[in-house]
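Counting convention: from 1, in listed order, for ligands and their atoms alike. Here the structure is a predicted model, which means the values were calculated and not measured.
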Amino acid sequence: MQHLLAETDFSPAQLPELFALAATFKKNRGGHVPPVLSGQTWALIFTKSSTRTRVSFEVGIRELGGHALFLSKNDIQLGRGESIADTARVLSRYLHGLIVRTFDHADVETLAREGSIPVINALTDFLHPCQIFADAFSLSERWAGTDGDPLAALRGRTVAFFGDCACNVANSWILGAGLLGMKLRLAGPEAFAPGPEIAELAARAASLGGGSFSFTTDPEAAAEGADVLYTDVWVSMGREEESAERIEQMRPYAVTGSLMARTKPDALFMHCLPAYPGKEVEASVLAGPQSIVFDQAENRLHMQKAILAVLGQGGLRRGRG
Ligand code: CP
């Protein structure tokens with residue numbers, strides 16, 4: 001049973017197939033799409049808000065011929081204290097797959113371990129793998145075009161990430177960069193450096209794909225000659241009470257026009273959205289010609305359809321990670 005809880009659930013050998021499927025789904029949207037989820041029902045269990053992830057998964061499941069069932073925590077007995085393990089066992093008797101957005105990463109691991117259907121991590125406090133695979137696909141289509149090798153186009157490129165370098169998107173970029181052979185520079189306050197909890201998976205990703213990451217408190221050094229500047233909101237869901245202090249600490253790491261000027265001339269700006277212009281990114285950068293934030297958002301749909309197609313059919317053919 002293949003799940004997607006962390007990027008390392010896919011090996012580098014599996015990624016060309018995943019990226020090729022996403023490209024095919026994007027090219028053929030509106031035309032004939034094989035109904036690979038025909039007869040399947042996938043539930044989305046979300047305990048946090050979502051625009052992109054929820055809507056793109058629901059639309060993607062329908063476009064693949066399946067049925068999507070949205071369940072907030074309070075729609076099911078999980079909200080009244082039924083155990084995650086029993087929820088996994090019961091839902092496995094009805095459904096073909098689970099897509100889960102929640103706080104504690106251990107909860108998606110329990111669902112995957114105790115159930116007997118594929119589980120997709122749609123964001124936990126630790127990781128956001130669907131985002132990073134869609135981001136990497138967005139970069140590959142820019143750099144490889146339609147005929148080039150999408151994975152080769154990513155290898156050796158430098159992504160610089162600014163802000164909270166211990167957040168789920170930063171952690172997932174650490175794993176994505178490792179698997180894809182990219183160089184990731186993280187820049188943020190010392191108190192928001194990558195934590196020890198990502199070390200083991202990061203080492204595994206780097207050993208599989210040859211990528212690397214580094215951390216600095218110097219935003220200008222991180223931006224120098226980079227191919228991509230990337231940022232995320234400074235106040236993640238569930239951390240609102242810490243917002244004033246976090247914003248003060250993060251302010252030097254805002255992505256501004258002068259930071260963009262330090263990159264390669266054709267560098268790109270990325271943000272997983274939602275964005276707060278004037279905080280983590282200057283409005284002119286977010287809306288500027290180097291910004292690909294809406295391509296990233298669109299590609300969530302195409303990449304997640306690829307993930308659904310492979311997990312819904314029993315996993316990818318090549319050797320697993
Ligand atoms: N980037 C992202 O996951 O967006 P949502 O929170 O709207 O799903």
**Item:** K73 atom NZ, neighbour heavy-atom count above 12 within 6.0 Å
**Value:** no
**Prompt:** If you draw a 6.0 Å radius around NZ in K48, do more than 12 non-hydrogen atoms from other residues or ligands fall strictly inside?
**Reply:** yes
Below 4.0 angstrom from a heavy atom of [X], which ligand 1 atoms are there? Numbered from 1 as shown, please.
{"X": "T53", "answer": "2 (C), 3 (O), 5 (P), 8 (O)"}
{"X": "L273", "answer": "1 (N), 2 (C), 4 (O)"}
{"X": "Q131", "answer": "1 (N), 2 (C), 3 (O)"}

Students should be able to answer this: which protein heavy-atom is nearest to [atom], and at what distance?
{"atom": "atom 3 (O) of ligand 1", "value": "H128 NE2, 2.8 Å"}
{"atom": "atom 4 (O) of ligand 1", "value": "R52 NE, 2.9 Å"}
{"atom": "atom 2 (C) of ligand 1", "value": "R300 NH1, 3.4 Å"}
{"atom": "atom 6 (O) of ligand 1", "value": "R101 NH1, 2.9 Å"}

**For ligand 1, the portion of L123 having any non-hydrogen atom under 4.0 Å away** = neither
**Prompt:** Would R29 and E63 pass as an ion pair if we require N to O under 4.0 Å?
**Reply:** yes
**Request:** In plain terms, say whether E58 and R54 are close enough for a salt bridge, that is, a side-chain N and a carboxylate O under 4.0 Å apart.
**Result:** yes
**Asked** What about the rings of F10 and F133, do their centers lie closer together than 6.0 Å?
**Response** yes
**Request:** Return yes if some donor-acceptor pair links the side-chain N/O of Q40 with the main-chain N/O of G66 below 3.5 Å, else return no.
**Result:** no
**Asked** Any N or O on T51 sitting closer than 3.5 Å to an N or O of ligand 1?
**Response** yes
**Message:** Under 3.5 Å between any N/O of C272 and any N/O of ligand 1: does that happen in this structure?
**Reply:** yes
**Euclidean distance, R300 CZ relative to T51 OG1, rounded to 0.5 Å** = 10.5 Å
